[in-house]
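Here the structure is laid out as C-alpha coordinates; the discussion comes afterwards.
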Amino acid sequence: MPAARIIPCLDVADGRVVKGVQFEDHRDVGDIVELALRYRDEGADELVFYDITASADGRAVDPSWVSRVAAVIDIPFAVAGGIDSVDAARRLLAAGADKVSVNSPAIARPELLAELAAAFGRQCVVLGVDSFRAPDGTLRVRQFSGRPEAMREPGLETIDWARQAAKLGAGEIVLNCMNNDGMRDGYDLAQIEALVAAVNVPVIASGGAGTPRHFVDAFRAGASGALAASIFHDSIVSIGAVKDTLHAVGIEVRR
Amino acid sequence: MTALTILDLGYGNIESIRLAFARLGVDATLASDLAEAEAADRLVLPGVGAAGFAMERLRSTGIDDALRRRTRPLLGICLGMQLLFERSDEGDTLMLGLIPGQVRLLDPAPGRPVPHMGWTRIERADGVGLTAGDHVYFAHSFACDDGPATAARVTCGRPIPAAVRSGNLWGAQFHPERSAAPGAAFLTAFLAA
(Lines give C-alpha, C1' and ligand atoms only; values in the text may rest on other atoms or scores of the structure.)
Protein backbone atom coordinates (compact mmCIF):
# COMPACT_ATOMS: atom_id res chain seq x y z
CA MET A 1 0.00 0.00 0.00
CA PRO A 2 1.23 3.48 -0.77
CA ALA A 3 2.10 5.88 2.05
CA ALA A 4 -0.44 8.54 3.03
CA ARG A 5 -0.01 11.38 0.55
CA ILE A 6 0.15 15.01 1.70
CA ILE A 7 -0.75 17.25 -1.22
CA PRO A 8 -0.46 21.04 -1.09
CA CYS A 9 -2.93 22.60 -3.48
CA LEU A 10 -1.89 25.71 -5.34
CA ASP A 11 -4.77 27.72 -6.74
CA VAL A 12 -3.52 29.69 -9.72
CA ALA A 13 -5.03 32.87 -11.13
CA ASP A 14 -3.28 35.03 -13.74
CA GLY A 15 -0.05 33.08 -13.30
CA ARG A 16 0.17 33.58 -9.51
CA VAL A 17 -0.77 31.34 -6.57
CA VAL A 18 -3.84 32.67 -4.75
CA LYS A 19 -6.08 31.54 -1.91
CA GLY A 20 -9.69 32.32 -1.03
CA VAL A 21 -12.13 31.34 1.68
CA GLN A 22 -15.02 29.15 0.50
CA PHE A 23 -13.86 29.81 -3.07
CA GLU A 24 -14.15 33.64 -2.81
CA ASP A 25 -12.02 36.71 -1.93
CA HIS A 26 -8.78 35.48 -3.48
CA ARG A 27 -5.48 36.97 -2.32
CA ASP A 28 -1.97 36.57 -3.77
CA VAL A 29 0.28 34.12 -1.89
CA GLY A 30 3.28 33.81 -4.21
CA ASP A 31 5.11 32.66 -7.33
CA ILE A 32 4.20 29.23 -8.73
CA VAL A 33 7.73 27.85 -9.11
CA GLU A 34 8.96 29.23 -5.76
CA LEU A 35 6.04 27.64 -3.91
CA ALA A 36 6.38 24.36 -5.81
CA LEU A 37 10.03 24.14 -4.77
CA ARG A 38 9.28 25.13 -1.18
CA TYR A 39 6.67 22.38 -0.80
CA ARG A 40 8.86 19.81 -2.51
CA ASP A 41 11.65 20.64 -0.05
CA GLU A 42 9.26 20.42 2.91
CA GLY A 43 8.23 16.88 1.95
CA ALA A 44 5.08 17.27 -0.15
CA ASP A 45 4.25 13.95 -1.83
CA GLU A 46 2.52 15.53 -4.79
CA LEU A 47 1.27 18.94 -5.89
CA VAL A 48 -1.98 20.02 -7.49
CA PHE A 49 -2.27 23.24 -9.46
CA TYR A 50 -5.78 24.50 -10.07
CA ASP A 51 -6.14 27.29 -12.60
CA ILE A 52 -9.28 28.35 -10.80
CA THR A 53 -10.63 30.77 -13.39
CA ALA A 54 -9.82 28.78 -16.56
CA SER A 55 -13.18 26.99 -16.90
CA ALA A 56 -15.25 30.05 -16.18
CA ASP A 57 -13.06 32.07 -18.59
CA GLY A 58 -13.51 29.45 -21.32
CA ARG A 59 -9.82 28.44 -21.68
CA ALA A 60 -7.47 25.68 -20.48
CA VAL A 61 -4.40 25.79 -18.25
CA ASP A 62 -1.42 27.67 -19.70
CA PRO A 63 1.32 25.07 -20.57
CA SER A 64 4.14 27.63 -20.10
CA TRP A 65 4.09 27.58 -16.30
CA VAL A 66 3.53 23.80 -16.35
CA SER A 67 6.91 23.48 -18.15
CA ARG A 68 8.59 25.69 -15.59
CA VAL A 69 7.28 23.55 -12.72
CA ALA A 70 8.15 20.27 -14.50
CA ALA A 71 11.74 21.41 -14.97
CA VAL A 72 12.44 22.02 -11.28
CA ILE A 73 10.49 19.50 -9.21
CA ASP A 74 11.04 15.74 -8.89
CA ILE A 75 7.69 14.79 -7.36
CA PRO A 76 4.45 14.25 -9.29
CA PHE A 77 1.99 17.03 -10.00
CA ALA A 78 -1.47 17.37 -11.45
CA VAL A 79 -2.89 20.35 -13.26
CA ALA A 80 -6.53 21.39 -13.45
CA GLY A 81 -8.61 24.06 -15.06
CA GLY A 82 -10.67 24.16 -18.23
CA ILE A 83 -9.22 20.93 -19.69
CA ASP A 84 -12.03 19.94 -22.03
CA SER A 85 -10.40 17.76 -24.71
CA VAL A 86 -7.74 15.12 -25.34
CA ASP A 87 -5.70 17.74 -27.22
CA ALA A 88 -5.77 20.18 -24.30
CA ALA A 89 -4.69 17.38 -21.94
CA ARG A 90 -1.96 16.25 -24.34
CA ARG A 91 -0.40 19.73 -24.36
CA LEU A 92 -0.19 19.76 -20.56
CA LEU A 93 1.16 16.20 -20.26
CA ALA A 94 3.66 17.00 -23.03
CA ALA A 95 4.75 20.03 -21.00
CA GLY A 96 5.61 17.65 -18.15
CA ALA A 97 2.47 17.38 -16.01
CA ASP A 98 1.86 13.89 -14.62
CA LYS A 99 -1.92 14.01 -14.37
CA VAL A 100 -4.75 16.17 -15.59
CA SER A 101 -7.68 16.92 -13.33
CA VAL A 102 -11.04 17.71 -14.86
CA ASN A 103 -14.14 19.09 -13.21
CA SER A 104 -16.64 21.38 -14.96
CA PRO A 105 -15.89 20.14 -18.53
CA ALA A 106 -16.52 16.53 -17.41
CA ILE A 107 -19.89 17.55 -15.98
CA ALA A 108 -20.75 19.17 -19.30
CA ARG A 109 -19.55 16.15 -21.30
CA PRO A 110 -18.89 12.99 -19.23
CA GLU A 111 -17.45 11.08 -22.24
CA LEU A 112 -14.38 13.31 -21.84
CA LEU A 113 -13.28 11.00 -19.00
CA ALA A 114 -13.43 7.93 -21.26
CA GLU A 115 -11.55 9.75 -24.04
CA LEU A 116 -8.77 10.83 -21.67
CA ALA A 117 -8.45 7.35 -20.15
CA ALA A 118 -8.24 5.77 -23.62
CA ALA A 119 -5.55 8.21 -24.71
CA PHE A 120 -3.35 8.34 -21.59
CA GLY A 121 -4.53 5.58 -19.23
CA ARG A 122 -6.80 6.22 -16.27
CA GLN A 123 -3.85 6.81 -13.93
CA CYS A 124 -3.44 10.19 -15.69
CA VAL A 125 -7.08 11.18 -15.23
CA VAL A 126 -8.26 12.86 -12.02
CA LEU A 127 -11.82 13.99 -11.42
CA GLY A 128 -12.25 17.04 -9.21
CA VAL A 129 -15.67 17.25 -7.56
CA ASP A 130 -16.84 20.42 -5.84
CA SER A 131 -19.38 19.03 -3.40
CA PHE A 132 -21.78 21.15 -1.39
CA ARG A 133 -23.74 19.78 1.55
CA ALA A 134 -27.22 21.24 1.07
CA PRO A 135 -29.43 22.25 4.04
CA ASP A 136 -31.43 19.02 3.57
CA GLY A 137 -28.19 16.99 3.99
CA THR A 138 -27.84 15.87 0.38
CA LEU A 139 -24.43 16.19 -1.28
CA ARG A 140 -24.68 18.19 -4.49
CA VAL A 141 -22.12 18.88 -7.20
CA ARG A 142 -21.33 22.48 -8.13
CA GLN A 143 -19.89 23.61 -11.45
CA PHE A 144 -17.68 26.65 -12.27
CA SER A 145 -16.82 27.14 -8.59
CA GLY A 146 -13.80 29.29 -9.48
CA ARG A 147 -16.04 32.26 -10.28
CA PRO A 148 -18.92 32.88 -7.86
CA GLU A 149 -20.93 34.71 -10.53
CA ALA A 150 -20.56 31.79 -12.97
CA MET A 151 -21.20 29.00 -10.43
CA ARG A 152 -24.19 26.77 -10.97
CA GLU A 153 -25.68 23.48 -9.83
CA PRO A 154 -25.87 20.91 -12.62
CA GLY A 155 -28.34 18.77 -10.66
CA LEU A 156 -25.95 15.92 -9.79
CA GLU A 157 -25.55 14.18 -6.47
CA THR A 158 -21.89 13.83 -5.46
CA ILE A 159 -21.72 10.07 -4.88
CA ASP A 160 -23.69 9.24 -8.07
CA TRP A 161 -21.48 11.47 -10.17
CA ALA A 162 -18.25 10.14 -8.70
CA ARG A 163 -19.35 6.54 -9.24
CA GLN A 164 -20.27 7.28 -12.87
CA ALA A 165 -16.97 9.11 -13.44
CA ALA A 166 -14.90 6.22 -12.03
CA LYS A 167 -16.72 3.82 -14.38
CA LEU A 168 -16.05 6.10 -17.35
CA GLY A 169 -12.30 6.43 -16.71
CA ALA A 170 -11.42 8.68 -13.76
CA GLY A 171 -8.45 7.08 -11.99
CA GLU A 172 -8.59 9.27 -8.89
CA ILE A 173 -11.16 11.57 -7.31
CA VAL A 174 -10.41 14.79 -5.45
CA LEU A 175 -13.37 15.52 -3.20
CA ASN A 176 -13.58 19.24 -2.47
CA CYS A 177 -15.98 19.64 0.44
CA MET A 178 -17.04 23.23 -0.19
CA ASN A 179 -18.74 23.87 3.16
CA ASN A 180 -15.44 23.07 4.91
CA ASP A 181 -13.11 24.92 2.49
CA GLY A 182 -10.81 27.38 4.26
CA MET A 183 -12.60 26.92 7.61
CA ARG A 184 -9.79 24.90 9.23
CA ASP A 185 -12.17 22.86 11.38
CA GLY A 186 -11.53 19.48 9.78
CA TYR A 187 -12.40 17.48 6.69
CA ASP A 188 -15.97 16.24 6.10
CA LEU A 189 -15.26 12.70 7.30
CA ALA A 190 -18.74 11.30 6.67
CA GLN A 191 -18.54 12.47 3.09
CA ILE A 192 -15.06 10.96 2.59
CA GLU A 193 -16.22 7.63 4.04
CA ALA A 194 -19.28 7.59 1.78
CA LEU A 195 -17.20 8.23 -1.34
CA VAL A 196 -14.46 5.72 -0.42
CA ALA A 197 -17.16 3.07 0.01
CA ALA A 198 -18.72 3.94 -3.36
CA VAL A 199 -15.67 3.83 -5.67
CA ASN A 200 -12.60 1.57 -6.16
CA VAL A 201 -10.25 4.40 -7.17
CA PRO A 202 -8.16 6.52 -4.78
CA VAL A 203 -10.02 9.36 -3.05
CA ILE A 204 -8.23 12.57 -2.10
CA ALA A 205 -9.76 14.60 0.74
CA SER A 206 -9.92 18.36 0.22
CA GLY A 207 -11.35 21.22 2.24
CA GLY A 208 -11.11 21.97 5.96
CA ALA A 209 -7.63 20.97 7.17
CA GLY A 210 -6.58 23.03 10.18
CA THR A 211 -4.41 20.79 12.36
CA PRO A 212 -2.22 17.68 11.89
CA ARG A 213 -4.93 15.68 13.67
CA HIS A 214 -7.37 16.50 10.85
CA PHE A 215 -5.10 14.63 8.45
CA VAL A 216 -5.12 11.58 10.74
CA ASP A 217 -8.93 11.67 10.64
CA ALA A 218 -9.03 11.91 6.83
CA PHE A 219 -6.72 8.91 6.36
CA ARG A 220 -8.64 6.88 8.94
CA ALA A 221 -11.79 7.71 6.96
CA GLY A 222 -10.15 5.98 3.98
CA ALA A 223 -8.61 8.83 2.00
CA SER A 224 -5.49 7.96 -0.04
CA GLY A 225 -4.29 11.53 0.08
CA ALA A 226 -5.18 14.78 1.77
CA LEU A 227 -5.09 18.16 0.13
CA ALA A 228 -4.59 21.47 1.91
CA ALA A 229 -3.79 25.00 0.86
CA SER A 230 -4.12 27.88 3.32
CA ILE A 231 -2.57 26.17 6.33
CA PHE A 232 0.54 25.39 4.29
CA HIS A 233 0.65 28.76 2.48
CA ASP A 234 0.38 30.61 5.80
CA SER A 235 2.79 28.24 7.63
CA ILE A 236 0.11 27.48 10.23
CA VAL A 237 0.99 23.79 9.99
CA SER A 238 4.10 22.33 8.35
CA ILE A 239 4.09 19.23 6.16
CA GLY A 240 6.74 17.80 8.50
CA ALA A 241 4.48 18.25 11.53
CA VAL A 242 1.62 16.54 9.70
CA LYS A 243 3.86 13.60 8.78
CA ASP A 244 5.24 13.34 12.35
CA THR A 245 1.69 13.13 13.68
CA LEU A 246 0.65 10.53 11.10
CA HIS A 247 3.75 8.43 11.81
CA ALA A 248 3.15 8.64 15.58
CA VAL A 249 -0.30 7.04 15.20
CA GLY A 250 1.00 4.32 12.88
CA ILE A 251 0.01 5.71 9.49
CA GLU A 252 2.79 5.14 6.94
CA VAL A 253 4.35 8.29 5.49
CA ARG A 254 7.25 8.98 3.15
CA ARG A 255 10.16 10.88 4.76
CA MET B 1 29.06 12.84 -20.86
CA THR B 2 26.97 9.70 -21.20
CA ALA B 3 25.03 9.59 -24.47
CA LEU B 4 21.36 9.10 -23.70
CA THR B 5 18.44 8.79 -26.11
CA ILE B 6 14.71 8.80 -25.36
CA LEU B 7 12.43 7.06 -27.82
CA ASP B 8 9.76 9.52 -29.00
CA LEU B 9 6.98 7.72 -30.81
CA GLY B 10 4.26 10.23 -30.12
CA TYR B 11 3.15 8.79 -26.82
CA GLY B 12 4.40 8.89 -23.27
CA ASN B 13 5.85 11.18 -20.64
CA ILE B 14 8.90 12.12 -22.67
CA GLU B 15 9.30 15.65 -21.36
CA SER B 16 9.27 14.77 -17.67
CA ILE B 17 11.83 11.99 -18.29
CA ARG B 18 14.01 14.36 -20.35
CA LEU B 19 13.88 16.95 -17.55
CA ALA B 20 14.77 14.37 -14.89
CA PHE B 21 17.95 13.45 -16.78
CA ALA B 22 18.65 17.16 -17.32
CA ARG B 23 18.58 17.64 -13.53
CA LEU B 24 21.31 14.96 -13.39
CA GLY B 25 23.36 16.95 -15.93
CA VAL B 26 22.58 14.69 -18.91
CA ASP B 27 21.13 16.16 -22.08
CA ALA B 28 19.05 13.47 -23.75
CA THR B 29 18.42 13.40 -27.47
CA LEU B 30 15.11 12.17 -28.87
CA ALA B 31 14.86 9.31 -31.36
CA SER B 32 11.84 8.88 -33.57
CA ASP B 33 12.96 6.38 -36.19
CA LEU B 34 14.73 3.04 -36.44
CA ALA B 35 18.17 4.41 -37.36
CA GLU B 36 18.20 6.83 -34.42
CA ALA B 37 17.00 4.14 -32.02
CA GLU B 38 19.67 1.69 -33.19
CA ALA B 39 22.41 4.30 -32.87
CA ALA B 40 21.58 5.02 -29.21
CA ASP B 41 24.18 4.10 -26.59
CA ARG B 42 21.63 4.20 -23.80
CA LEU B 43 17.98 4.11 -24.78
CA VAL B 44 14.89 4.95 -22.73
CA LEU B 45 11.48 3.58 -23.66
CA PRO B 46 8.96 5.92 -22.00
CA GLY B 47 5.65 5.19 -20.30
CA VAL B 48 2.08 6.52 -20.15
CA GLY B 49 -0.44 5.55 -22.80
CA ALA B 50 -2.09 2.39 -24.02
CA ALA B 51 -0.16 -0.86 -24.57
CA GLY B 52 -1.75 -1.63 -27.95
CA PHE B 53 -0.99 1.81 -29.37
CA ALA B 54 2.61 1.71 -28.15
CA MET B 55 3.25 -1.78 -29.60
CA GLU B 56 1.70 -0.77 -32.92
CA ARG B 57 4.06 2.23 -33.10
CA LEU B 58 7.06 -0.01 -32.29
CA ARG B 59 6.02 -2.56 -34.93
CA SER B 60 5.29 -0.07 -37.70
CA THR B 61 8.72 1.55 -37.28
CA GLY B 62 10.57 -1.77 -37.01
CA ILE B 63 11.92 -0.64 -33.65
CA ASP B 64 10.34 -3.70 -31.96
CA ASP B 65 12.90 -6.02 -33.61
CA ALA B 66 15.72 -3.55 -32.97
CA LEU B 67 14.85 -3.68 -29.26
CA ARG B 68 14.80 -7.49 -29.34
CA ARG B 69 18.31 -7.50 -30.90
CA ARG B 70 19.64 -4.79 -28.63
CA THR B 71 22.61 -5.52 -26.33
CA ARG B 72 23.38 -1.98 -25.12
CA PRO B 73 21.51 -0.54 -22.09
CA LEU B 74 17.73 -0.15 -22.45
CA LEU B 75 15.41 1.28 -19.78
CA GLY B 76 11.63 0.95 -19.98
CA ILE B 77 9.65 3.23 -17.69
CA CYS B 78 6.10 2.36 -16.49
CA LEU B 79 4.31 1.22 -19.67
CA GLY B 80 7.82 1.08 -21.16
CA MET B 81 8.73 -1.65 -18.64
CA GLN B 82 5.48 -3.53 -19.30
CA LEU B 83 6.35 -3.58 -23.03
CA LEU B 84 9.44 -5.68 -22.19
CA PHE B 85 7.24 -8.57 -21.00
CA GLU B 86 5.45 -11.20 -23.14
CA ARG B 87 1.81 -10.23 -23.16
CA SER B 88 -0.55 -7.72 -21.53
CA ASP B 89 -4.15 -8.05 -20.37
CA GLU B 90 -4.55 -4.46 -21.59
CA GLY B 91 -6.29 -5.09 -24.90
CA ASP B 92 -4.78 -8.63 -24.94
CA THR B 93 -1.61 -7.18 -26.48
CA LEU B 94 1.45 -9.16 -27.58
CA MET B 95 4.49 -7.31 -26.15
CA LEU B 96 8.24 -7.46 -26.88
CA GLY B 97 8.83 -10.74 -25.02
CA LEU B 98 12.26 -9.79 -23.65
CA ILE B 99 11.36 -10.73 -20.07
CA PRO B 100 9.28 -13.83 -19.25
CA GLY B 101 5.89 -13.12 -17.72
CA GLN B 102 2.58 -11.37 -18.25
CA VAL B 103 1.18 -7.94 -17.48
CA ARG B 104 -2.07 -8.20 -15.52
CA LEU B 105 -4.72 -5.85 -14.20
CA LEU B 106 -4.45 -5.11 -10.47
CA ASP B 107 -7.50 -6.15 -8.45
CA PRO B 108 -8.98 -3.50 -6.17
CA ALA B 109 -9.88 -4.48 -2.61
CA PRO B 110 -11.22 -2.51 0.37
CA GLY B 111 -8.41 -0.19 1.43
CA ARG B 112 -6.48 -0.96 -1.75
CA PRO B 113 -7.85 1.12 -4.61
CA VAL B 114 -6.75 0.79 -8.24
CA PRO B 115 -4.91 2.53 -9.91
CA HIS B 116 -2.01 1.88 -7.55
CA MET B 117 -1.21 5.54 -7.03
CA GLY B 118 1.33 7.03 -4.67
CA TRP B 119 4.60 6.37 -2.85
CA THR B 120 5.09 2.71 -1.96
CA ARG B 121 7.93 1.33 0.13
CA ILE B 122 10.47 -0.91 -1.61
CA GLU B 123 10.75 -4.23 0.25
CA ARG B 124 13.92 -5.46 -1.31
CA ALA B 125 16.21 -4.11 -4.01
CA ASP B 126 19.39 -5.22 -5.69
CA GLY B 127 21.63 -3.70 -8.34
CA VAL B 128 19.48 -0.79 -9.53
CA GLY B 129 20.50 2.02 -7.16
CA LEU B 130 17.49 1.55 -4.85
CA THR B 131 17.54 0.55 -1.19
CA ALA B 132 14.94 -1.40 0.79
CA GLY B 133 12.81 1.16 2.64
CA ASP B 134 12.88 3.76 -0.14
CA HIS B 135 9.50 5.14 -1.13
CA VAL B 136 9.03 5.54 -4.89
CA TYR B 137 6.09 6.91 -6.85
CA PHE B 138 3.70 4.66 -8.76
CA ALA B 139 0.70 5.42 -10.99
CA HIS B 140 -0.55 2.31 -12.81
CA SER B 141 -3.45 -0.14 -13.12
CA PHE B 142 -1.56 -3.01 -14.76
CA ALA B 143 1.46 -4.75 -13.22
CA CYS B 144 4.09 -7.21 -14.42
CA ASP B 145 4.57 -10.68 -12.98
CA ASP B 146 7.14 -11.05 -10.25
CA GLY B 147 10.02 -13.26 -11.42
CA PRO B 148 13.77 -13.77 -11.70
CA ALA B 149 14.24 -10.35 -13.36
CA THR B 150 12.71 -8.51 -10.37
CA ALA B 151 15.36 -6.14 -9.02
CA ALA B 152 13.11 -4.21 -6.60
CA ARG B 153 9.85 -5.51 -5.18
CA VAL B 154 6.74 -3.97 -3.65
CA THR B 155 3.47 -5.56 -2.56
CA CYS B 156 0.29 -4.34 -4.15
CA GLY B 157 -2.18 -7.08 -3.28
CA ARG B 158 0.45 -9.40 -4.73
CA PRO B 159 4.23 -9.03 -5.00
CA ILE B 160 5.06 -7.00 -8.10
CA PRO B 161 8.33 -5.77 -9.56
CA ALA B 162 8.96 -2.07 -8.94
CA ALA B 163 12.03 -2.50 -11.12
CA VAL B 164 13.49 -5.28 -13.23
CA ARG B 165 16.98 -5.88 -14.46
CA SER B 166 18.36 -8.55 -16.72
CA GLY B 167 21.86 -7.58 -17.79
CA ASN B 168 21.59 -4.35 -19.78
CA LEU B 169 17.81 -4.55 -19.83
CA TRP B 170 16.27 -2.30 -17.16
CA GLY B 171 12.70 -1.51 -16.27
CA ALA B 172 10.90 0.71 -13.76
CA GLN B 173 7.21 0.28 -13.04
CA PHE B 174 7.51 3.29 -10.74
CA HIS B 175 8.29 6.75 -12.09
CA PRO B 176 11.97 7.49 -11.37
CA GLU B 177 11.51 10.93 -12.95
CA ARG B 178 9.03 11.75 -10.18
CA SER B 179 10.47 9.79 -7.25
CA ALA B 180 12.69 12.43 -5.64
CA ALA B 181 16.13 11.20 -4.40
CA PRO B 182 15.53 7.43 -4.84
CA GLY B 183 14.36 8.07 -8.41
CA ALA B 184 17.50 10.06 -9.14
CA ALA B 185 19.62 7.26 -7.63
CA PHE B 186 17.94 4.74 -9.94
CA LEU B 187 18.52 6.90 -13.05
CA THR B 188 22.12 7.50 -11.99
CA ALA B 189 22.66 3.74 -11.66
CA PHE B 190 21.24 3.24 -15.16
CA LEU B 191 23.58 5.91 -16.54
CA ALA B 192 26.51 4.02 -15.02
CA ALA B 193 25.42 0.62 -16.38
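All chains are named by letter (A, B, ...) in the order of the sequence lines, taking the proteins before the strands, and each is independently numbered beginning at 1. Hydrogens, waters and symmetry mates are skipped; everything else that's a heavy atom, side chains included, is used.
- Contact between A:Q123 and B:M117 at its shortest, heavy atoms only, is O-CE, 3.7 Å.
- In this structure, no portion of A:A197 lies under 4.5 Å from any heavy atom of chain B.
- Interface remark: B:A139 contributes backbone and side-chain atoms alike to the contact with chain A (heavy atom separation under 4.5 Å).
- Heavy atoms of A:V72 lying under 4.5 Å from chain B belong exclusively to its backbone.
- Only the side chain of B:R23 comes within less than 4.5 Å of a heavy atom of chain A; its backbone N, CA, C and O stay farther away.
- Within the model, atoms CG of B:N13 and CG of A:L93 stand 9.0 Å from one another, a figure rounded to the nearest 0.5 Å.
- A pairwise comparison of heavy atoms in B:S141 and A:R122 identifies OG-CG, 3.6 Å as the closest pair.
- With a 6.0 Å radius and a threshold of 12 heavy atoms from other residues, nucleotides or ligands, B:D65 has its CG atom above the threshold.
- Nearest heavy atoms, A:V201 versus B:P113: C-CB, 3.5 Å.
- Nearest heavy-atom pair, B:P115 versus A:P202, reported as atom, atom and distance to 0.1 Å: O-CG, 3.5 Å.
- Here the side chain of B:R178 pairs a donor or acceptor atom with the backbone of A:I73 at under 3.5 angstrom.
- By number of non-hydrogen pairs under 4.5 angstrom with chain B, the leading residue of A:A71, A:G222, A:A3, A:S67 is A:A71.
- With a 4.5 angstrom heavy-atom cutoff, A:V253 touches chain B only via backbone atoms.
- Distance check: A:D98 CG to B:S16 OG gives 5.5 Å after rounding to the nearest 0.5 Å.
- Of the two parts of B:A20, neither the backbone nor the side chain holds a non-hydrogen atom closer than 4.5 Å to a non-hydrogen atom of chain A.
- Heavy atoms of B:P108 lying under 4.5 Å from chain A belong exclusively to its side chain.
- Rounding to the nearest 0.5 Å places CG of A:N200 at 12.0 Å from CG of B:L106.
- Proximity to chain B involves both the backbone and the side chain of A:R254, based on heavy atoms less than 4.5 angstrom apart.
- Heavy atoms closer than 4.5 Å to chain B are found nowhere in A:A4, neither backbone nor side chain.
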Query - A:I75/B:W119 under side-chain contact (heavy atoms from CB on, under 4.5 Å): CA gap, chis, key distance, verdict - result: CA-CA 10 Å; A:I75 58 172; B:W119 298 77; 3.8 Å; yes

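- The NE2 atom of B:H140 sits 13.0 Å away from atom SG of A:C124, with the distance rounded to the nearest 0.5 Å.
- Of all heavy-atom pairs spanning B:A50 and A:A118, the tightest one is CB-O, 4.1 Å.
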